[in-house]
Amino acid sequence: MKLQFKLEETDTLTKARLGKISYHGQEYATPMFMPVGTNATVKTLAPEELKEVGSGIILANTYHLWLRPGEDIVAQAGGLHQFMNYDGPILTDSGGFQVFSLAKPKDITEEGVYFKNHLNGDKLFLTPEKSIAIQNKLDSDIAMSFDECPPATADYEYLKQSVERTVRWAARGKKVHQNPNQMLFGIVQGGPHQDLREYSAKETVKLDFDGYSIGGVANDHESKEDMYKAFQYSTDYLPTDKLRYAMGIGDPIDIIEGVIRGIDLFDCVTPTRLARHGHAHTWHGNINVRNSKYKDVFEPIEKGCQCYACRHYTLAYIRHLIVANETFGARLLSIHNIYFLHQLMLKIRENIKNHTLLEFRDQFKQDFYGAKK
RNA sequence: GCGGAGUUGGUGAAGUGGUUAACACGGUAGAUUGUGGCUCUAUUAUGCGUGGGUUCGACUCCCACACUUCGCC
């Protein structure tokens, strides 16, 4: 059965929204943060641990699973849920981001995109139809249209023709989408430009998707201002009763600013990647656990934090694990960081309910970034 | 006791009579936004065993001493 979204409340002071996702008898509140599990695993975490830290929807990646183990293997296993033993909702990215990260502009054609296989160098060709067919087989709950994800700072003319092509690709993908239990989202592009975002949103909405994503953000060191414009200029033209998803956004302040502009879903690799690199989120900013000043700090990463890592382990111990390159260190920090972002979303939802989101943002910004930003 | 070889940073080490002592690892710090766990960036010996000497100038040449190591008695 398809996942259901119900908009429950819209903030009176901002465009922030509270909603509920229903899925096989489970309910999840939005706005929500979704951890990324590219290879059908949120790196270092077992599904039970995802539940414990408060995860709902998680991501998996079409491109990576297409190359390895192949969508047919996943289908033989009974779909992604069976294959990876996760009974919560799963969203698959379409491979569109890999157009940005792995292909060169000259490899992008109207028909599709040529890739160099990052595993063995083979030449690959991915099209909108192929991406949707793979996602149908993976049997995720939410599939993404295959889009081009150009750098946010690309010039206007390039973005214009790219946006138009992404709309055509969305239509092609929708035409071949078959899985009745799977939502399909369209993706809004257009960089920071109001007219391109408007065009992209309106044309994509005409195709009538189950939800809408905002892509092409936070991918080329564009200014925060431009990123927030991209949010605003996209949600301005999206229907209120459908989910809105900002792709790849994970900096806490960007999440808050996104919620303020009417976005419901966020995903990011940062909690797990930062963890693997030894960094931890705290309410007073990110800390580098490797720093020698933590070598004899026999306290949790954050006092009062109720995550598994903070309830049982000290900074000194986790630092030792990270410095010694032990995987348990990355696992404990991943648990902590994902838990932190879910707690952030909880606070965001409380503040929407209390109509104090703007005050919360200002206070959070001061605590988290201090004088830095 | 005699003879040979050798002493350069936390480690392994390059180096030349002439400005800032190569490189690697390690350390320290930073980056990381629809994931390669990769990686990238900066920084890390005011000093070349100790003391003299030669020289305009010595880590580099000479002498003594200390220490390490190999061989012989």
Side-chain angles (χ1 to χ4, degrees), chain A residues 33-45 57-65 67-68 90-102 116-121 131 135 140 142-152 166 185 187-189 212-224 226-228 230-231 245-258 263 265-281 285-295 319 322-331 333-334 337-338 341 372:
Chain A
F33 175 78
M34 312 181 289
V36 177
T38 303
N39 285 308
T41 171
V42 175
K43 295 182 195 298
T44 75
L45 268 74
I57 303 175
I58 63 170
L59 263 70
N61 195 294
T62 299
Y63 170 82
H64 298 259
L65 296 174
L67 299 190
R68 184 171 60 189
I90 300 174
L91 182 154
T92 41
D93 185 24
S94 62
F97 185 70
Q98 279 64 45
V99 176
F100 165 74
S101 63
L102 296 174
K116 192 172 178 182
N117 182 330
H118 73 286
L119 299 173
N120 60 17
S131 172
Q135 294 183 76
S140 56
I142 304 175
M144 288 298 120
S145 292
F146 186 65
D147 65 327
E148 184 194 351
C149 179
T166 286
F185 280 26
I187 302 180
V188 179
Q189 290 284 353
Y212 298 91
S213 305
I214 297 164
V217 283
N219 67 3
D220 196 33
H221 301 98
E222 76 270 30
S223 68
K224 296 278 189 194
D226 278 351
M227 192 192 307
Y228 303 156
F231 292 162
Y245 159 35
M247 308 182 84
I249 296 302
D251 187 328
I253 194 62
D254 296 343
I255 290 176
I256 297 170
E257 296 287 358
I263 295 166
L265 301 173
F266 304 84
D267 81 285
C268 201
V269 304
T270 49
T272 47
R273 178 186 287 164
L274 288 174
R276 272 178 266 117
H277 293 189
H279 293 69
H281 287 313
N286 294 340
I287 65 170
N288 187 345
V289 177
R290 295 187 76 102
N291 286 177
S292 55
K293 64 183 170 188
Y294 299 122
K295 70 175 185 290
R319 174 180 187 273
I322 292 294
V323 169
N325 205 24
E326 286 291 344
T327 55
F328 190 47
R331 182 161 149 230
L333 287 180
S334 294
N337 286 344
I338 294 174
L341 287 175
K372 212 165 68 178

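Values reported hereafter were calculated over all heavy atoms of this structure, with side chains retained and with hydrogens, waters and symmetry mates removed.
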Along RNA chain B (nearest heavy atom to each residue), the more 5'-positioned of A/K293 and A/G95:
A/K293
Of all the choices, B/U33, B/U32, B/G34, which nucleotide is nearest to the side chain of A/H279 once you look at every atom?
B/U32
Could a donor-acceptor pair under 3.5 angstrom be found where the side chain of A/N61 meets the base of B/G34?
no
Once you apply a heavy-atom cut-off of 4.0 Å, does A/L91 come out as touching a base, just sugar-phosphate, or nothing?
nothing
Nucleotide B/G27, atom C1' - distance to CD1 of A/I322 in whole Å
17 Å
It should be established whether A/N288 places a side-chain nitrogen or oxygen under 4.0 Å from OP1 or OP2 of nucleotide B/G30.
yes
Ignoring hydrogens and angles, tell me if any N or O in the side chain of A/N291 forms a donor-acceptor pair with the backbone of A/K293 under 3.5 Å.
no
Mind checking the P distance from B/A29 to B/A66? Whole angstroms is fine.
43 Å
Partner nucleotide, any strand, of B/U16 [Watson-Crick/G-U, under 3.5 Å]:
none
State, yes or no, whether a side-chain contact exists between A/T62 and A/M144 at a heavy-atom distance under 4.5 Å.
no
Find out whether A/Y228 and A/D254 are in side-chain contact, i.e. whether some heavy atom of one side chain is under 4.5 Å from a heavy atom of the other.
yes
Could you run down the sub-3.5 Å N/O contacts of the protein with nucleotides 37-44 of chain B?
from  : atom 1 : to     : atom 2 : distance (Å)
B/G37 : OP1    : A/R276 : NH1    : 2.9
B/G37 : O5'    : A/R276 : NH1    : 3.0
B/G37 : O4'    : A/R276 : NH1    : 3.4
B/G37 : N7     : A/K43  : NZ     : 3.2

Interatomic distance, A/L265 CG vs B/G34 C1' [rounded to whole Å]
12 Å
Across all strands shown, which nucleotide pairs with B/U68 by Watson-Crick or G-U wobble geometry, both distances under 3.5 Å?
B/A5
P gap between B/U20 and B/G27, integer Å:
30 Å
Separation of atom CZ in A/R290 from atom P in B/U32, rounded to whole Å
17 Å
Which whole-number value in Å describes the distance from A/I255 CD1 to B/U33 C1'?
9 Å
Given 3.5 Å as the limit, does a donor-acceptor pair link the side chain of A/N219 with the main chain of A/A152, or not?
yes
May I ask you to verify if any side-chain N or O of A/S213 is less than 4.0 angstrom from the OP1 or OP2 atom of B/G34?
no
Between B/C40 and B/U32, how far apart are the two C1' atoms, rounded to whole Å?
9 Å
Could you work out the separation of B/A45 and B/G4 based on their C1' atoms and round it to a whole Å?
31 Å
Span that lies between the C1' atom of B/U60 and that of B/U16, in whole angstrom:
7 Å
Using a cut-off of strictly less than 4.0 Å, decide whether A/R319 has a side-chain nitrogen or oxygen near OP1 or OP2 of B/U28.
yes
What distance, rounded to whole Å, do you find between the two C1' atoms, one in B/A24 and one in B/G3?
37 Å
Pair partner, B/A29 [Watson-Crick or wobble, under 3.5 Å]
B/U41
Is A/T38 touching bases, backbone alone, or none of the nucleic acid, heavy atoms closer than 4.0 Å?
base
Does a side-chain N or O from A/N291 land closer than 4.0 Å to OP1 or OP2 of B/A29, or not?
yes
Looking across every strand, which nucleic acid part, if any, lies under 4.0 Å from A/Q189 by heavy atom: base, sugar-phosphate, or nothing?
base
Please tell me if the side chains of A/I255 and A/L341 come closer than 4.5 Å, counting only heavy atoms from C-beta onward.
yes
Could you state the atom-to-atom distance from CG of A/N286 to C1' of B/U32 in whole Å?
11 Å
Which of the following nucleotides, B/U28, B/G34, B/U33, is nearest to the side chain of A/S292?
B/U28
Over all strands shown, is A/G216 touching base, sugar-phosphate only, or nothing at heavy-atom distances under 4.0 angstrom?
base
Suppose we call a contact any N or O donor and acceptor under 3.5 Å apart; does that hold for the side chain of A/D254 and the base of B/U33?
yes
In whole angstroms, how far is the P atom of B/U33 from the NE2 atom of A/H221?
6 Å
Under a 3.5 Å cut-off for both distances, is B/U60 Watson-Crick or wobble paired, and to whom?
none
For the residue pair A/T166 / A/Q189, report whether a side-chain donor-acceptor contact shorter than 3.5 Å exists.
no
Report yes or no: does A/T92 contribute a side-chain atom to a donor-acceptor pair with the main-chain N or O of A/N61 at less than 3.5 Å?
no
Round to a whole Å and report the spacing from CD1 of A/I287 to C1' of B/A31.
17 Å
Gap separating the CZ atom of A/F266 from the CG atom of A/D251, nearest 0.5 angstrom
11.5 Å
In this structure, how many angstroms lie between the C1' atom of B/U33 and the CZ atom of A/F97, rounded?
8 Å
Check every strand shown and say whether A/I187 touches a base, only sugar-phosphate, or nothing at a heavy-atom separation below 4.0 Å.
base
Separation of the P atoms in B/G15 and B/G52, to the nearest angstrom:
29 Å
Could you measure between the two P atoms, the one in B/G34 and the one in B/U46, and give it in whole Å?
43 Å
Quick check: any donor-acceptor pair below 3.5 Å linking the side-chain of A/K224 to the base of B/U33?
yes
Judged by atom type as modelled, is there a donor-acceptor pair below 3.5 Å linking the side chain of A/N337 to the main-chain atoms of A/H279?
yes
For A/H64, which contact category applies under a 4.0 Å heavy-atom criterion: base, sugar-phosphate, or nothing?
sugar-phosphate
Could you tell me whether the side chain of A/S94 and the main chain of A/S131 form a donor-acceptor pair under 3.5 Å?
no
